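The structure appears right after this line, and notes come after that.
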Amino acid sequence: MSSEKLGSDPYGRTLSAWTCARSHDAKGAVAPCGNLGVSLCSKCHQVKYCSKQCQNAHWKRHKKTCSSSYASNEWTPAFERERRPAAWMTGGSAYELPVSFGKAGNYLWGNMPAFDALNVPMNEGPAIKNQDIALCFAASGDLRNVVKTINGLPSDYSGKCTLVVNDFHPLVAVRNTILLCILLSPSEPSAETVAEVVLHALYSSRLTLAQDGLLQSWINYADDAERGRPGNHMGQMIFSSHCRLEWAYPPEVGALLTSIRAADYPTFIAEADRRRIMLAPERIDYRERYYTSLRPRHRVGFAHFRETGVLLPFGQPIDSYCNSNRLLYSEDAEWLLKDNANPAAAWSPLEVEAMRQKLNLPDEDYIGSLFFHIKEQLAEFARRARRFNLVVILSAVDLRVLPQLLDAAGMKDLRFDRVETSNVMDTLGPSTIISTWGPRLNPRSPHSALLMYSMNWAFHVSGGMVESQWPRALLRTMTELGCFLGFHPGMRLTKEPPISLLASNLGAFFDTRAPFRRYLHLNRVARASRSAGVKERKVPRILPSRLGVEIKEFDSPRITITLEQFYFTGHILFPTWHERFIEFEVGEVPIVDVVVSSFVPSSTILWPAVILLVGYGLQRMGWLSYIPFIRLNRFLFNFAPAMPAQKVIPGSLVPTVPSAIASYETTSKNTEPSGKVEVATFAHGCFWGTQEVFDKYFGAARGVKTTVGYTGGEEKFKNPTYRQVCSGTTGFAEACKVEYDPTLVGYAELVEFFYRTHDPTTPNRQGNDRGTQYRSAIFTHSPEQTEIARKVTEEVQEKHFTPKGLKIVSAIDDAGTWYDAETYHQKYLEENPDGYHCSTHVLHW
């Protein structure tokens, strides 16, 4: 396919340096200058011009951004100017309804920097040059980690590299397929050219006519390449004697590819929806929270990218970008990302800064430096992939069933030198990942490793959050951060540091080692590791254990980077600072570690009681003072459990509101089943936990049977899959159908139990699970059920939530069509006790 006009400048040429920023002539007509820029704008240092004439002609258009209020050192966010609490502090409606500001679950750009899963210098070393290797990206997201890893191989690598790239999300699978075809095909133009096309396909909302034509041709080719059983989507691309691409996808991926191919909508409609989300007025506090910590001209650049949607060096003309990027929109022209999506979070800001210095770019344009860094990474990947002996296998299944898929495809003996699982441990739990993928590591290589990281572990363990410290410790942490930033006690400040700057970065100086270790114990990681034949690496060899430290300083209790590096990592990347990385290798866990972990209570709130009891006993025996144990208890656990510790114990509940009490008193005396069966349907977050709590309390002993499935969705979606429901676009909720004998269990009792075992005050969210599929709802099957549900809701509101100033938002809707969930979801936590548990699925009163 022709390379004509596939580049990024107004004439379709690739950008090796900045072209002149003039996009219109003095009369306002589109007339981009094709010359290279040689002189910077003296005011903003963000655009270049080839001559004074071009600068004068462009000034009318450039003036707005050059003189942007964001560029002022005195700029303050709107919530400070208006002297009101910020929405991100008060948890306003914009916070509670994230689905209104982008598609839930569509993290197409990623939110952690790309990393090299091999790190050859610290592992295989030069010996890898001739070795065959197998790499598995079991939850790949986009291709950034694949790109970084291949680029980490020696440039003269001569072994065979087998890549398995899997992601559960159909749109991610489609994107990866098309973009790999473009990058791998030797018939395409130069690596530099295709790198710019793929960069825009990844991150720009609009493409040039030529770029869109190339993208559309590969979409058509991949859609036509289907060769599989009816309903499945299978294909193969043989690019050369040493490079091929294969895929085996479920039907919904093929259907999505076909719908993307057929999509036809005006660019202005798609662009309007993107702006509705990315520039929503009610989300200004969240945008400006990020801008607050940025340098003035960086603020201007990020705001400009959000405004235009095209990833280019600042000031580059964008008039030629006139076609919607179909890989970022639905077939109905809906923008598919959330409003906090940021390509800067997907690439190491320190590497971006190194690229800026290498190319001698102005430090005022971070977005421009990001453009050239991503382009260089993609171009290098294309160059290597076209000459390496490379086999790429693509799939789109739950990573727990990917090993069975590989076995069925004749790869039962395939063992991997690296398995990278992203942060799936946040949803499935680390033990599930270990049990599934530990046995697939290459036992013949001492360097093979299973890689995981967690972004949300701190929410699930006592003392995991920096805010859980006692006030004195929290003050010490804040003082340490302030001193690091240059604010010393007693200093006279002309302007107070932004509260968001301090609040967002406290975690950088919080020691997460001990609470993360407790999190691993609570999840029985030692036991799962021993069963899987792997062990945790005490000294990491791939990645440091947390952001802000070098790998050789992996055990540091706080960040070790410089203040300049902190700006890029802490402000550009904007992490939570609770992120933790962990590696496992082939080996045997000592039995003593398994035994010790087995004695960890299921809830860490028990540990303070244990310590206090031991201290009390020793004090009674006169051996030492009781006081140190109180201090130790406070230091270790802060008396701040991560979640309510009370569990649902069969037979332990007595209803607390009048309707449920009357229902319970009517049925609890009956022990003989009547044979009559009625149905109740509830949705309150992840249906694994919903089913588990109903089974634990009611169960077969009280004549109750549960099934999980989907209901409450749009009628046009017939028999939806878990994947479709998780996309947040079908309207279906994850729900639990409860079949019960009304002589043994009253409906009012079930409704109250529903309220007791989740948080009914958060719209479209339970714990970390967000989206309409996780909404709180009661689906009634008769007018009588509707009346009872409303009455119990009023009573629960009055007794349990009005005194706290909270309001129940649970919907009470007529039950619609019900679809059973896939078999592996039924009784999931009964079959997988170490699986993901939503933090709200406990007994709240």
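Hydrogens, waters and symmetry mates are skipped; everything else that's a heavy atom, side chains included, is used. The shown structure was predicted, so the numbers you read here are calculated from the model rather than taken from an experiment.
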Do the side chain of [X] and the main chain of [Y] share a donor and acceptor less than 3.5 angstrom apart?
X      : Y      : answer
Asp116 : Val146 : no
Asn166 : Ala138 : yes
Glu583 : Leu543 : yes
Asn151 : Gln377 : yes
Asn523 : Ser431 : no
Gln357 : Ala354 : no
Arg244 : Val391 : no
Asn123 : Leu118 : yes
Arg356 : Ser369 : no
Trp457 : Pro515 : no

What is the distance from atom [atom1] of [X] to atom [atom2] of [Y], rounded to the nearest 0.5 Å?
X      : Y      : atom1 : atom2 : answer
Leu328 : Leu336 : CG    : CG    : 7.5 Å
Leu394 : Leu163 : CG    : CG    : 9.0 Å
Gln211 : Leu199 : CD    : CG    : 9.5 Å
Thr436 : Asp398 : OG1   : CG    : 8.5 Å
Glu579 : Asn111 : CD    : CG    : 8.5 Å
Ile559 : Thr569 : CD1   : OG1   : 8.0 Å

Examine the side chains of [X] and [Y] and answer whether a donor and an acceptor come within less than 3.5 Å of each other.
X      : Y      : result
Asp426 : Ser454 : yes
Gln216 : Asp212 : no
His373 : Trp347 : no

Which heavy atom in [X] sits nearest to a heavy atom in [Y], and how many Å separate them?
X      : Y      : result
Ser204 : Leu311 : OG-N, 3.0 Å
Val424 : Ala139 : CG2-CB, 3.4 Å
Leu153 : Ile133 : CD2-CD1, 3.8 Å
Thr193 : Ser190 : OG1-OG, 2.9 Å
Gly152 : Val120 : O-CG2, 3.8 Å
Phe137 : Ala117 : CE2-CB, 4.3 Å

Going through the checks in order, is the side chain to side chain donor-acceptor pair (under 3.5 Å) test met by Ser158 and Asn130? CA-CA 5 Å; Ser158 59; Asn130 303 312; 2.7 Å; yes
With a 4.5 Å limit on heavy-atom distance, are the side chains of [X] and [Y] in contact?
X      : Y      : value
Asn325 : His200 : no
Phe584 : Met452 : yes
Ser155 : Arg387 : yes
Glu196 : Leu15  : yes
Leu215 : Leu327 : yes
Pro430 : Tyr519 : yes
Trp437 : Leu399 : yes
Arg400 : Leu428 : yes

Applying side chain to side chain donor-acceptor pair (under 3.5 Å), run through Asp417 and Ser448 and close with a yes or a no. CA-CA 4 Å; Asp417 296 276; Ser448 61; over 6 Å; no
Glu124: which of Lys129, Arg418, Arg541 passes salt bridge (Lys or Arg N to Asp or Glu O under 4.0 Å):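 Checked Lys129, Arg418, Arg541 against Glu124; only one passes salt bridge (Lys or Arg N to Asp or Glu O under 4.0 Å): Arg418.
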Quick check on Lys412: does its NZ atom have over 12 non-hydrogen neighbours (other residues, nucleotides or ligands) under 6.0 Å away?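 Incorrect, the count does not exceed 12.
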Got a sec: does the CD of Glu550 have more than 12 other heavy atoms crowding it under 6.0 Å? no
Should [X] and [Y] count as an ion pair when the cut-off is N to O under 4.0 Å?
X      : Y      : answer
Arg261 : Asp224 : yes
Asp407 : Arg440 : yes
Lys535 : Glu588 : no
Arg513 : Asp555 : yes
Glu351 : Lys358 : no
Lys148 : Glu420 : no

Do the ring planes of Tyr221 and Trp218 sit parallel (below 30°), tilted (30 to 60°) or perpendicular (above 60°)? perpendicular
Applying side-chain contact (heavy atoms from CB on, under 4.5 Å), run through Leu402 and Ser395 and close with a yes or a no. CA-CA 8 Å; Leu402 180 56; Ser395 59; 3.4 Å; yes
Applying ring pair (Phe, Tyr, Trp, His ring centres under 6.0 Å) as the test, list every pair that has at least one member in residues 383-430; sequence neighbours left out. Tyr157-Phe388
Carefully, step by step, assess Thr421 and Tyr453 under the rule side-chain contact (heavy atoms from CB on, under 4.5 Å). CA-CA 8 Å; Thr421 62; Tyr453 67 87; over 6 Å; no
Using the rule given for side-chain contact (heavy atoms from CB on, under 4.5 Å), can you reason through Arg386 versus Phe239, listing the C-alpha separation, both sets of side-chain angles and the distance that settles it, and then say yes or no? CA-CA 8 Å; Arg386 292 177 181 184; Phe239 297 112; over 6 Å; no
Phe581 vs Met112, side-chain contact (heavy atoms from CB on, under 4.5 Å): CA-CA, chis, key distance, verdict: CA-CA 11 Å; Phe581 299 86; Met112 286 291 286; 3.2 Å; yes
